[in-house]
Amino acid sequence: MHPYRTHTCNDLRAEHAGQTVKLSGWIFRKRDHGGILFIDLRDHYGQTQVVVHPSRSFFEELTHIKLESVATFVGRVTLRDAATANPEIPSGAVEMVADACEVQSVSEQTPLYLAGEEDIAEEVRLKYRFLDLRRASLHQNILLRSQVIAHLRRQMTAQGFNEFQTPILTCSSPEGARDYLVPSRVHPGKFYALPQAPQLFKQLLMVAGFDRYFQIAPCFRDEDARADRSPGEFYQLDMEMSFVTQDEVFRVVEEVLYSTFTTFSKLAVDAAPWRRIPYREAMLKYGSDKPDLRIPFEMCDVTGIFRDSGFNAFAGAIKTGAVVRAIPVKGIKNQPRSFFDKLVEHAKSLGSKGLAYLIWDGDTIKGPIQKFLKPAELSALAGTGSMQDGDVMFFVCDEPGKAARISGDIRGKLGRDLGLIEKGVFRFCWIVDFPMYELDPETSAVAFSHNPFSMPQGGMEALEKTPPLDILAYQYDVVCNGVELSSGAIRNHRPDIMFKAFALAGYPQEEVEAKFSGLLNAFRYGAPPHGGIAPGVDRIVMLLAGAENIREVIAFPMNQKAQDLMMGAPSSVTEKQLRELHIQLRSQPKPPPQA
RNA sequence: GGGGACGUGGCGCAAUUGGUUAGCGCACCGGACUGUCGAUCCGGAAGUUGCGGGUUCGAACCCCGUCGUCCUCGCCA
């Protein structure tokens with residue numbers, strides 16, 4: 001007989017009755033009746049009830065053993081009668097009556113109780129992650145992640161992609177987020193950087209002629225955390241293709257993501273092709289470049305209606321460049337006054353001067369700003385938002401960027417607070433036609449708005465003839481339920497167009513040459529037109545798991561301050577290590593807090 | 001760096017808003033119990049209310065500072 005087990009804790013069924021088997025696992029729960037002891041033995045696969053009679057030599061030891069100890073049992077599989085069977089668990093038709101027991105490993109009292117369902121402070125969960133990972137929900141999430149990644153690999157391979165590895169120690173990139181740096185021992189004063197993404201390497205693989213690249217790629221960015229953004233590292237399904245148009249990239253991603261979401265979720269998934277929303281339309285209708293299409297109302301611009309109105313707070317602001325965005329919501333006229341007051345306060349906390357609204361009530365229109373508006377203006381608003389009895393229209397007036405941000409936030413809050421978010425669906429869309437340039441709000445100079453290496457739509461001709469702020473890029477995002485799943489672009493593979501694009505943003509050719517010599521060099525020896533995208537694996541799994549927080553789908557995440565509470569990273573290093581790396585600290589680290 | 005919420009035995013929460021010895025559930029320890037499956041019943045131990053200072057006859061509660069966690073803005077080409 002195997003030293004540890006003949007079956008897992010989820011194998012035994014009625015047909016095994018009468019067999020002598022061996023099981024190993026964790027002691028999940030105990031029910032001690034004095035004259036009989038029930039143990040729920042748990043492993044990765046499930047759980048099985050083990051019955052221990054007091055005549056057994058190990059009975060006394062087991063009545064006192066701590067939960068989460070690991071033990072091996074030998075015993076006979078016994079059919080449970082109708083009264084004692086447990087239909088709640090798959091192995092509930094049978095139980096094992098123990099004849100022998102070997103304790104493999106005793107547990108101390110665990111700092112979190114694994115058999116309960118109470119919330120546990122995240123600090124404790126992270127410090128004892130190996131225990132938290134035993135709990136069913138997190139255990140299943142990590143398993144789901146494993147299966148999703150295996151599925152992504154199969155999908156990509158089936159579509160003719162090859163998987164590559166790219167360096168983890170590379171060089172610091174001048175654009176983008178802050179880098180994680182690694183000091184060089186051999187080269188005093190020089191540093192490697194962990195890649196923010198394998199962007200340059202995958203483009204170089206295209207130049208090398210590999211045609212279709214993918215990688216489940218670790219990406220490292222030294223940025224502050226969010227609920228959907230783990231600090232330190234995250235994973236992307238990174239892909240790149242040669243000789244493709246934007247539409248071909250879309251088809252690949254639609255096929256892979258549709259297959260993944262329908263395979264691993266029971267929710268409805270938008271069929272391809274997904275809606276394409278130009279960036280400017282998204283900012284107007286949703287106030288965001290990652291709109292949640294489950295919310296059943298969209299914003300509209302009503303600047304023209306307020307421009308010459310008697311509502312001076314808006315009319316005056318419009319003269320200095322402000323716009324007015326309206327948020328029409330159906331059937332909420334009976335919300336209490338406090339609802340509207342709280343929403344006004346919320347708008348102010350976002351930096352808005354206020355939040356105006358009108359309520360359509362029967363034949364009349366009510367609300368704080370009604371008295372400032374002429375009947376023609378009111379009816380124009382009613383027409384714009386198709387307003388009917390019971391509907392309410394909110395108004396945000398500010399400079400365009402701020403108006404979009406504030407109205408977009410309020411749209412989301414209304415959707416959540418009123419329970420209007422469509423349930424049980426994954427709503428996908430593409431955000432396309434990102435502007436190549438925008439005005440730097442501080443210097444008013446033309447600057448890249450997103451990725452400087454994207455191909456401008458219209459190529460060199462557009463750069464030469466179109467006003468910079470009107471030039472669009474072949475750049476695109478995939479958005480699902482308000483979560484940005486990935487960002488990609490058709491790349492600029494032509495040095496001449498690249499120099500021109502950078503020149504418009506104020507970079508002289510010598511500087512571009514100095515900063516991006518590796519890529520430019522490669523493009524001088526015959527570069528194929530190419531493009532790609534990189535869906536975020538963590539966010540995909542988070543959506544599929546229905547998790548509110550990305551740490552729920554990462555086995556060993558760091559906390560918000562980028563610390564690993566279990567391993568104690570980051571940590572101090574010895575003076576000897578620092579000396580070898582030619583590093584002298586500028587200031588002494590603070591002593592650890594007493595708390 | 002800014003804003004918000006929170007911090008009470010191992011874990012999750014409470015304490016009539018400044019008033020007796022800081023309670024409850026789970027876990028833990030001891031006992032009882034031969035069919036439970038979140039077993040039940042009886043008993044017990046376990047707290048410098050994150051830390052430091054202040055106000056007060058009296059502070060978990062109010063004030064100041066500080067540390068920590070999460071959410072968020074900035075940031076994320």
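Values reported hereafter were calculated over all heavy atoms of this structure, with side chains retained and with hydrogens, waters and symmetry mates removed. Each chain gets a letter, A, B and so on, in the order the sequences are listed, and its residues count up from 1.
In this view, A/Ser91 and A/Arg13, A/Thr48, A/Ile89 satisfy the side chain to side chain contact (heavy atoms under 4.5 Å, CB included) rule, not counting sequence neighbours. Legend: residues meeting side chain to side chain contact (heavy atoms under 4.5 Å, CB included) with A/Ala527, ordered by chain and number and at least two apart, are A/Val207, A/His493, A/Phe523. Residues meeting the salt bridge (charged side-chain N to carboxylate O under 4.0 Å, His left out) test with A/Lys413, sequence neighbours left out: A/Asp417. Remark: A/Asn549 pairs with A/Arg551, A/Glu552 by the side chain to side chain contact (heavy atoms under 4.5 Å, CB included) rule, at least two apart or across chains.
Between A/Arg31 and the phosphate of B/rA39, there is a side-chain N or O to OP1/OP2 separation shorter than 4.0 Å. Of the side-chain N and O atoms in A/Arg178, none sit less than 4.0 angstrom from OP1 or OP2 of B/rC75.
Screening A/Leu565, A/Asp132, A/Leu131 for a side chain to side chain contact (heavy atoms under 4.5 Å, CB included) with A/Arg125, the sole residue that qualifies is A/Asp132.
Within 4.0 Å (heavy atoms only), A/Glu95 reaches at least one base atom of the nucleic acid. Within the 4.0 angstrom heavy-atom criterion, no nucleotide atom of any strand lies near A/Ala225.
Here A/His33 lies parallel enough and close enough to stack on the base of B/rA39, with planes under 30° and ring centres under 5.5 Å apart.
By the 4.0 Å N-to-carboxylate-O rule, A/Glu511 lies close enough to A/Lys515 to be salt-bridged with it. Under 4.0 Å is where a charged nitrogen must lie from a carboxylate oxygen, and between A/Asp496 and A/Arg494 at least one such pair does.
Atoms CZ (A/Arg405) and C1' (B/rG74) sit 10 Å apart, rounded to a whole Å. In this structure, A/Asp40 places its CG atom 10 Å from C1' of B/rG38, rounding to the nearest Å.
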Please list, for nucleotides 28-30 of chain B, all pairs of protein and nucleotide N/O atoms separated by less than 3.5 Å.
from, atom 1, to, atom 2, distance (Å)
B/rC28, O3', A/Lys66, NZ, 3.4
B/rC29, OP1, A/Lys66, NZ, 2.9

List every contact pair, protein side and nucleotides 41-44 of chain B side both N or O, where the distance is under 3.5 Å.
none

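Comparing the C1' positions of B/rU8 and B/rC76 gives an interatomic distance of 38 Å, to the nearest angstrom. Separating the P atom of B/rC42 from that of B/rC33 is a span of 16 Å, rounded to the nearest Å.
A ring-centre distance under 6.0 Å is found for A/Phe448 and A/Tyr437.
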